[in-house]
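Let me begin by presenting the structure, written as structure tokens, before commenting on it.
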Amino acid sequence: MLRMSTLLLRTLRDDPADAEVASHKLLVRAGFIRRVAAGIYSWLPLGYRTYRKIEKIVREEMDKAGFQEVNFPALLPKEPYDATNRWTEYGPDIFRLKDRKQNDYLLGPTHEEMFTLMVKGEFSSYKDLPLSIYQIQTKYRDEPRPRSGIIRGREFVMKDSYSFDIDDAGLEASYQRHRAAYIKTFDRLGIKYNIVSAMSGAMGGSKSEEFLAPCPTGEDTYVLCKACGYAANVEAVVTNVKPYSGTSAPALEILNTPNTPTIDSLVEILNKNYGGGFTAADTLKNVLLMADGKPISVLVPGDREVDVKRLGANLSGVKDLRLFEDEDFAKHPNLVKGYVGPQDAKKFGIKLLADPRITKGSHWVTGANKKDTHARFVTCGRDFEVEQYVEAVEIKAGDACPTCDKPVVIDRAIEIGHIFQLGRKYAKALDLTVLDKNGAAQVVTMGSYGIGVSRAVAVIAEQSHDEIGLCWPAEVAPADVHIVATGKEDSIFEAAEKLANEIEAKGFEVLFDDRRDPSAGVKFKDAELIGIPKIIIVGKALANGKVELRDRKSGAKEEVDLNKVVSLLK
RNA sequence: CGGGGCGUAGCGUAGUGGCUAGCGCGCCUGCUUUGGGAGCAGGAGACCGUGGGUUCGAAUCCCUCCGCCCCGACCA
């Protein structure tokens, strides 16, 4: 039994000055967590109880799925990370340190290498596979900007699993087992979530899905179709384009369009000098970018923006992608800023890419590669050839859903889980092979699966609170029942104590507010702030043999017989 | 890394050159109170982030550094 009279807890009346989001404010005010440094938090007793319950549920579901728990140190030598080049590639996000002999160490930000090496050290036959192992462990990432309290910390607890299979079919099966286990886990945790495609399988990337908990303060945006349930990261949205069905255009015509470096100014002059009815959607925007130092041109409709992040995610092999800057234009005098057209791309030696919306046969108003000049009836497939189609435009609310064509919405969420098919990258780099039936060495294929365990505390708080405090789902609340004794008579406190013991004997966890000094109001406020699902008030009504039973979430109150209240608990 | 804001007691804050740094919450003592963050009286608690400078005098003005928060960039 937890007694408020001795519990290491001091609730706060005011929101902490450094907190912005609800979960952060409430977890601090309710005495669950305290900040130690940016993105680094301590757990107080109530918070740690909730944290441990979440951890327990995660562990139970992993074990049920047949995955084996292991544990790695957080303090790791540099060498394994050198083997995969991540000591360098991970950059400043790694916490690095040296031992007394000046050898390099790091605090593990993620453990692919260690898992791979562990399996390599023990197993060497296809008969040993499939294997899935996991750990629940503290990770360290020196985030450029920790934020939102416990949601994005520099030290956090993650459950990470890895699957090892001999072939792609095995990987797919392991992936599905993890997916199913995650669904059970998050359902038990009482988290609302969507499973979102994170990378397009069609583009040849590895399969990957994120579990996103919708939440207005979330830092991830994703696309959701309320009609059919389709959900995807903006990067992964695949545009469904119908073939061009309009009429074919007359021959390309050069237009005199002085002072029209922007789409708006172009549309204005088109409507003035070349018959009305033009909109930005009739024009073709030629966006120039530098891809690993080489200029490329990406075509999008004039009423659309290029989403560089999304474009980059869909251009496999490109590491560094950025928009053209003035000095790039200076180096490529053929490309006239504001008047670029695709017609001469081949001549200029520029790779021509296009959003799928630029369909074969469609014709556009676009630049004529000469200052103050545009061209119309510029037809795709006739006047220019697209070298490669790529998802490039910024996805907007109202865009057609890829699966059902209804308009989509853009929603915000917090990532609570991520599953993906890693493939053979780490196995290859660390030479993890097993012998197959024929005695030939085969590189193992891996999957990687993560759940933000400490983050889940904040996500549940974020999704489950109201104006007056937290409202924990039963499975993760720091206790099952919060008994509040009010009044000054010893008899009340004695009766409450007796009740607390009875309830505890039935297997419920009890938080007992046995404080004599604070007034009833203070105790009620604290109970509401802490958010234990069932609150029993022992006070005035005791004279009639009754206590009050409250449901924190619904606010429902009822007076019930003291000796019947135990049977009314779930 | 770019932009903005901030740093005064455990928490929230007032104090723009001049007496002993003020208030609320919380904490301690006593009395009264006890179903919605009680009242009265007394008390403890502050290197005003750090270092330097200007000044007769600095929490207050200037500079350095450190730390924190927000937006963006970046990132699972």
Side-chain angles (χ1 to χ4, degrees), chain A residues 8-21 24-25 28-31 34-40 44 86 89-94 108-112 139-149 151-154 156-160 198-199 208-212 217-220 233 235 308-309 312-313 320-323 413-420 448-455 468-469 484-490 492-493 513 515-529 535-543 546-548 550 555 557 559:
Chain A
L8 177 53
L9 170 73
R10 199 97 305 158
T11 58
L12 304 177
R13 233 182 255 221
D14 300 311
D15 286 333
D18 59 3
E20 198 75 14
V21 302
H24 188 194
K25 288 178 184 169
V28 171
R29 281 188 53 208
R34 290 288 181 260
R35 193 183 71 83
V36 173
I40 304 178
L44 283 97
R86 286 213 292 185
E89 275 179 9
Y90 222 95
D93 281 15
I94 292 186
T110 169
H111 282 71
E112 281 82 358
K139 307 288 186 200
Y140 297 86
R141 293 183 193 169
D142 196 356
E143 294 278 348
R145 184 149 89 83
R147 82 190 98 178
S148 307
I151 291 175
R152 175 166 295 260
R154 295 194 295 170
F156 59 98
V157 176
M158 178 161 129
K159 188 287 302 175
D160 51 328
M199 223 186 271
S208 166
E209 288 167 296
E210 292 174 350
F211 288 72
L212 296 185
T217 53
E219 46 183 353
D220 292 330
N233 260 354
E235 286 86 352
V308 177
K309 200 175 164 190
D320 181 36
L321 185 69
R322 60 170 177 82
L323 290 167
I414 301 169
E415 182 186 341
I416 45 167
H418 192 174
I419 52 178
F420 79 103
S448 153
Y449 318 89
I451 290 178
V453 181
S454 49
R455 175 180 281 184
I468 55 176
V484 177
T486 70
K488 54 184 171 183
E489 295 87 33
D490 290 344
I492 289 176
F493 284 83
D513 197 341
R515 293 174 296 176
R516 294 288 190 131
D517 276 346
S519 65
V522 170
K523 295 180 185 179
F524 295 156
K525 293 282 186 203
D526 277 347
E528 282 148 1
L529 180 60
I535 301 168
I536 296 172
I537 318 281
V538 183
K540 269 184 179 170
L542 192 65
K546 304 236 181 215
V547 294
E548 186 179 315
R550 294 186 186 178
K557 307 174 181 184
E559 285 213 335

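Everything numeric in this text was worked out from a predicted model, so none of it was measured. Computed over heavy atoms, backbone and side chain alike; hydrogens, waters and symmetry mates excluded. Chain letters run A, B, ... following the sequence lines, proteins first and then strands; every chain starts at 1.
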Can you tell me how far [atom2] of [N] sits from [atom1] of [X], to the nearest Å?
{"X": "A:Arg515", "N": "B:rG35", "atom1": "CZ", "atom2": "P", "answer": "15 Å"}
{"X": "A:Arg147", "N": "B:rC69", "atom1": "CZ", "atom2": "P", "answer": "11 Å"}
{"X": "A:Leu44", "N": "B:rC11", "atom1": "CG", "atom2": "P", "answer": "13 Å"}
{"X": "A:Asp18", "N": "B:rC6", "atom1": "CG", "atom2": "C1'", "answer": "11 Å"}
{"X": "A:Glu143", "N": "B:rC1", "atom1": "CD", "atom2": "P", "answer": "16 Å"}
{"X": "A:Glu219", "N": "B:rC74", "atom1": "CD", "atom2": "P", "answer": "14 Å"}
{"X": "A:Lys309", "N": "B:rC74", "atom1": "NZ", "atom2": "P", "answer": "7 Å"}
{"X": "A:Leu321", "N": "B:rA73", "atom1": "CG", "atom2": "C1'", "answer": "15 Å"}

Any side-chain N or O of A:Arg145 below 4.0 angstrom from OP1/OP2 of B:rC71? yes
Enumerate the protein-to-nucleotides 37-41 of chain B contacts in which both atoms are nitrogen or oxygen and the separation is below 3.5 Å.
from   : atom 1 : to       : atom 2 : distance (Å)
B:rG37 : O2'    : A:Arg13  : NH1    : 2.2
B:rG37 : O2'    : A:Arg13  : NH2    : 2.9
B:rG37 : O6     : A:Arg29  : NH2    : 3.1
B:rG37 : N2     : A:Asp526 : OD1    : 3.3
B:rA38 : OP2    : A:Ser519 : OG     : 2.9

Do you know the tightest heavy-atom contact between [X] and [Y]?
{"X": "A:Arg34", "Y": "A:Arg10", "result": "NH2-O, 3.1 Å"}
{"X": "A:Ile492", "Y": "A:Val538", "result": "CG2-O, 3.5 Å"}
{"X": "A:Pro518", "Y": "A:Lys523", "result": "O-CE, 3.5 Å"}

On RNA chain B, check which nucleotide each of A:Asp93 and A:Leu542 is closest to and give me the residue with the more 5' one.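 Looking at RNA chain B, the more 5' nearest nucleotide goes with A:Leu542.
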Nearest heavy atom decides the nucleotide; on that basis, is A:Ala17 or A:Lys540 closer to the 5' end of RNA chain B?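 Upstream on the strand: A:Ala17.
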Sugar-phosphate only, base, or nothing, as touched by A:Ser148 at under 4.0 Å among non-hydrogen atoms: sugar-phosphate
Closest approach to the side chain of [X], judged atom by atom: which nucleotide of [options] is it?
{"X": "A:Ile537", "options": "B:rG12, B:rC70, B:rG35", "result": "B:rG35"}
{"X": "A:Lys557", "options": "B:rG36, B:rG12, B:rC68", "result": "B:rG36"}
{"X": "A:Arg154", "options": "B:rC70, B:rC68, B:rG24", "result": "B:rC68"}
{"X": "A:Pro144", "options": "B:rA73, B:rG36, B:rG24", "result": "B:rA73"}
{"X": "A:Glu528", "options": "B:rG12, B:rG36, B:rG35", "result": "B:rG36"}

Measuring only the [atom1] atom in each nucleotide, how far is [N] from [M]? A whole number of Å is fine.
{"N": "B:rG43", "M": "B:rC65", "atom1": "P", "answer": "45 Å"}
{"N": "B:rA9", "M": "B:rG26", "atom1": "C1'", "answer": "11 Å"}
{"N": "B:rG18", "M": "B:rU55", "atom1": "C1'", "answer": "12 Å"}
{"N": "B:rG52", "M": "B:rG15", "atom1": "P", "answer": "28 Å"}
{"N": "B:rU50", "M": "B:rA58", "atom1": "C1'", "answer": "16 Å"}
{"N": "B:rG42", "M": "B:rC62", "atom1": "C1'", "answer": "44 Å"}
{"N": "B:rC47", "M": "B:rU8", "atom1": "C1'", "answer": "12 Å"}
{"N": "B:rC6", "M": "B:rC48", "atom1": "C1'", "answer": "14 Å"}

Cationic tip of A:Arg550 above A:Phe524 ring, under 6.0 Å, 45° of axis: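 Relative to the ring axis of A:Phe524, which defines the angle, A:Arg550 lies inside both limits.
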Pairwise distance [atom1]([X]) to [atom2]([Y]) - rounded to 0.5 angstrom:
{"X": "A:Thr217", "Y": "A:Ile151", "atom1": "OG1", "atom2": "CD1", "answer": "5.0 Å"}
{"X": "A:Glu20", "Y": "A:Lys25", "atom1": "CD", "atom2": "NZ", "answer": "6.5 Å"}
{"X": "A:Asp513", "Y": "A:Ile535", "atom1": "CG", "atom2": "CD1", "answer": "10.5 Å"}

My understanding is that only residues two or more places apart in sequence, or in another chain, count here; which of them pass salt bridge (charged side-chain N to carboxylate O under 4.0 Å, His left out) with A:Arg147? A:Glu219
Reading RNA chain B 5' to 3', what string of ( ), [ ], | and . shows its pairs, if Watson-Crick and G-U wobble pairs count only when both distances fall under 3.5 Å? (((((((..((((....[...)))).((((((.....)))))).....(.(((..]....))).))))))))....
Could a donor-acceptor pair under 3.5 angstrom be found where the side chain of A:Arg152 meets the base of B:rC75?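 Between B:rC75 and A:Arg152, which were checked side chain against base, a qualifying N/O pair under 3.5 Å is present.
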Any N or O donor-acceptor pair under 3.5 Å from the base of B:rG36 to the side chain of A:Arg550?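 Such a pair exists between side chain and base.
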Quick one: does A:Asp93's side chain get under 4.5 Å of A:Pro144's, heavy atoms only? yes
Identified side chain to side chain contact (heavy atoms under 4.5 Å, CB included) counterpart of A:Arg152 within the set A:Arg145, A:Arg455, A:Arg141: A:Arg455
Between A:Glu210 and A:Ser208, do the side chains contain an N or O donor and an N or O acceptor separated by less than 3.5 Å?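 Looking only at side-chain atoms, A:Ser208 and A:Glu210 do not form any donor-acceptor pair under 3.5 Å.
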